[in-house]
Number of protein chains: 2
Amino acid sequence: MVETPKSQYAQIADELRARIDGETYAPGSPLPSEARLADEFGVSRVTINKAITLLRASGDVKVRRGADTRVRSLPRIPRDAKRRYAARQEGTGAGEVEARKLSLESTTTYREIARVPVLAGGGVAKALRLRKGEDALVRRRVLYANGEPTQIADSYYPWSIVRGDKALMRPEVGKGGSYSRLAELGYGPVRFTEDVTVRVPDDAEQRALELEATQPVFEIWHVAYAADDVPVEVCIHVMPGHLWTLKYDWDDVSAQDGP
Amino acid sequence: MVETPKSQYAQIADELRARIDGETYAPGSPLPSEARLADEFGVSRVTINKAITLLRASGDVKVRRGADTRVRSLPRIPRDAKRRYAARQEGTGAGEVEARKLSLESTTTYREIARVPVLAGGGVAKALRLRKGEDALVRRRVLYANGEPTQIADSYYPWSIVRGDKALMRPEVGKGGSYSRLAELGYGPVRFTEDVTVRVPDDAEQRALELEATQPVFEIWHVAYAADDVPVEVCIHVMPGHLWTLKYDWDDVSAQDGP
DNA sequence: CAGTGGTCTAGACCACCAC
DNA sequence: TGGTGGTCTAGACCACTGC
């Protein structure tokens, strides 16, 4: 490896990425061990490790500690913000619709369904415009595709609206998902907003989503409004960045504005 | 520093982040040197360096090689997909609108404005539905806020539509931005789509946006359609993830669907 | 138990910046 | 010219995996 303006580990990362793209290292298969790669490239193991750190951050490989380092195999999943809610009629929730389209086996685990107090002044309280001391119903879940975690989704509903609605207190909310239940309560959502940011995952998210500290996640605050702009749900999605493509579309409403 | 389930460098990163949040290290000010921090925490400089690598990936600090490491100071900029185009009437382009709202000084540099061939089968050709051999007008630019790069924006227009339109071949396209020029040509955009992904920046993007290899960027494919669903522009935005919040909103069009 | 990746160190050299 | 961060090494110990 000759000296160039680029560091050795960056060059090695490029080379490894090329091998992955060229399927020298096929999806799902393990890379050679760091020791072997250190031999091959004539560098120390630390340098190989640093190269692989780059591949991990970009989501190209996934390390199984004590075992090996494997090439990622999940494709990017399209998430069409508008259509996913229309399509949810086909399933028990919008989240599973996308995975199924790609013929991935989809599962959902529920971590918590409960009435909870909400942090005063926090994002949830603001989004739902909760008065001080007003509770929320929370539904915390993790979704998987082919056994790999694809997102954390925590939904909050104003308790004053859902009360103890039986369906919403159960994991399976029934046909059409939670929005159909809200509609039955007289609060069918008619308008939505989504705020999208990228950040690094915290410890809990790293565990739940099997991510590294440097792998970026999408954080989406999805807010549903019923008639009269009453917020009825905020869902906070945390999704591994390398797994998704977010899709939005809209019509121009100000086309009439001339210069 | 006692031994715990967490690595030393991760703990040190947490501690440094806490100091940043607590303004022990204020925005814009430099951290102590790595040697000094190594002394303080009683670890080697490599360990400190690894901790700081985490802070860099999350965008909390920015290293100036040979000089020092400083706390980031730019706030997150909201980018409202819908409204930015309506608001662009106030400026010469939508991109500068957001920065100005936050009282940031906004500048734009143009890297290229030219008629170019388009990679057959590539994303641009597909998005604009270009026939083989059909050229495009490209406008490549980099936007800055307070002197820091905030995004790369490369716009492509079908050459068959814009021809050599004088305004579009100049850096300053005039009041209302490029969409007003397209409207004058009879191709005013009326529908838009955006596909959003996150990934790590390539070498050129790292240089242009002053980013590290591990700092995620948004890649947004923004496509504008005129009447009859004719694609008239695709703009590829590459934006440092830590600088932006993307905002979308829409009304439900399928509320009538009952179970 | 052997192999793997995770972490850490001490020491070294380099390019770059500011003075 | 001295201080800074960037990189690299050799060697070490550890926890974990899978046989």
Side-chain angles (χ1 to χ4, degrees), chain A residues 1-16 25 28-57 59-72 203 206-207 210-215, chain B residues 1-16 25 28-57 59-72 203 206-207 210-215:
Chain A
M1 189 114 321
V2 236
E3 63 290 322
T4 75
K6 226 176 172 182
S7 58
Q8 293 183 67
Y9 72 83
Q11 291 179 54
I12 292 172
D14 287 346
E15 168 63 19
L16 294 178
Y25 306 145
S29 66
L31 265 55
S33 75
E34 296 189 354
R36 237 181 289 279
L37 288 171
D39 267 359
E40 182 197 331
F41 287 100
V43 298
S44 72
R45 183 160 78 88
V46 178
T47 301
I48 295 293
N49 187 277
K50 219 171 168 189
I52 289 182
T53 296
L54 292 182
L55 300 187
R56 296 164 66 165
D60 290 316
V61 301
K62 180 171 179 180
V63 170
R64 305 188 309 147
R65 272 199 65 173
D68 54 19
T69 302
R70 286 168 182 265
V71 179
R72 283 253 184 205
D203 296 347
Q206 287 171 41
R207 278 190 300 274
E210 297 171 17
L211 290 177
E212 325 259 338
T214 55
Q215 279 188 272
Chain B
M1 188 117 318
V2 234
E3 63 291 324
T4 74
K6 226 175 169 181
S7 59
Q8 293 183 68
Y9 73 83
Q11 291 178 54
I12 292 172
D14 287 345
E15 168 63 20
L16 294 178
Y25 307 144
S29 67
L31 265 53
S33 75
E34 296 189 353
R36 235 180 292 280
L37 288 171
D39 268 357
E40 181 196 332
F41 287 101
V43 299
S44 73
R45 182 160 79 86
V46 178
T47 301
I48 295 292
N49 186 277
K50 219 172 168 190
I52 290 182
T53 296
L54 292 183
L55 301 187
R56 295 163 66 164
D60 290 316
V61 302
K62 181 172 179 177
V63 170
R64 304 188 310 148
R65 273 200 63 171
D68 54 17
T69 303
R70 285 169 183 265
V71 179
R72 284 254 184 204
D203 295 348
Q206 286 171 41
R207 278 191 301 274
E210 297 172 17
L211 290 178
E212 324 260 337
T214 55
Q215 280 187 271

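A, B, ... follow the sequence lines: proteins, then strands. Residue 1 opens every chain. As the structure is a computational prediction, the values presented were derived from the model and not from experiment.
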From [atom1] of [X] over to [atom2] of [N], roughly how many Å is that when rounded to an integer?
X        : N      : atom1 : atom2 : result
B/Gln206 : D/dG6  : CD    : C1'   : 14 Å
A/Leu55  : C/dG6  : CG    : P     : 12 Å
B/Asp68  : C/dC16 : CG    : C1'   : 12 Å
A/Gln11  : D/dG6  : CD    : C1'   : 14 Å
A/Leu37  : C/dG3  : CG    : C1'   : 14 Å
A/Asp39  : C/dG3  : CG    : P     : 14 Å
B/Arg70  : D/dG5  : CZ    : C1'   : 14 Å
B/Glu212 : D/dG5  : CD    : P     : 13 Å

Can you find a side chain N or O atom of [X] that sits less than 4.0 Å from OP1 or OP2 on [N]?
X       : N      : result
B/Ser33 : D/dT4  : yes
A/Tyr9  : D/dC8  : no
B/Arg36 : D/dT4  : yes
B/Thr47 : C/dT7  : no
A/Arg56 : C/dG6  : yes
B/Lys50 : C/dT7  : yes
A/Ser44 : D/dA10 : no

(request) Sort by first number and list every stem of DNA chain C: at least 3 consecutive Watson-Crick or G-U wobble pairs, both distances under 3.5 Å. (result)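 Looking at DNA chain C, the stems formed by three or more consecutive pairs are C:1-18 with D:1-18.
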(message) Can you build the contact string for nucleotides 11-19 of chain D? Use B for base contact, S for sugar-phosphate-only contact, and - for no protein heavy atom under 4.0 Å.
(response) BB---BBS-
Side-chain contact, heavy-atom cut-off 4.5 Å: [X] with [Y]?
X        : Y        : answer
A/Asp203 : A/Gln206 : yes
A/Leu37  : A/Leu16  : yes
A/Val63  : A/Arg56  : yes
A/Glu15  : A/Phe41  : yes
A/Leu54  : B/Thr214 : yes

(request) Please figure out whether B/Gly42 or A/Asn49 has its closest DNA chain C nucleotide nearer the 5' end. (result) A/Asn49
(message) If I compare all heavy atoms of A/Asp68 with all of A/Pro30, which pair ends up nearest, and what's the gap?
(response)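 Here A/Asp68 and A/Pro30 meet closest at OD2-CB, 3.6 Å.
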(request) Mind listing the closest non-hydrogen atom pair of B/Leu211 and B/Arg72 along with its distance? (result)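 For B/Leu211 versus B/Arg72, the nearest heavy atoms are CD2-NH2, 4.5 Å.
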(request) Spell out, as yes or no, whether a donor-acceptor pair under 3.5 Å connects the side chain of B/Arg70 to the backbone of B/Lys62. (result)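 Judged by distance alone, no pair lies under 3.5 Å.
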(message) Tell me if a side-chain donor or acceptor on B/Ser29 pairs with a main-chain N or O of B/Tyr25 at a distance below 3.5 Å.
(response)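 A pair under 3.5 Å: no.
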(message) Working to the nearest 0.5 angstrom, can you tell me the gap between B/Glu210 CD and B/Arg64 CZ?
(response)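 Nearest 0.5 Å value for the CD-CZ distance: 11.0 Å.
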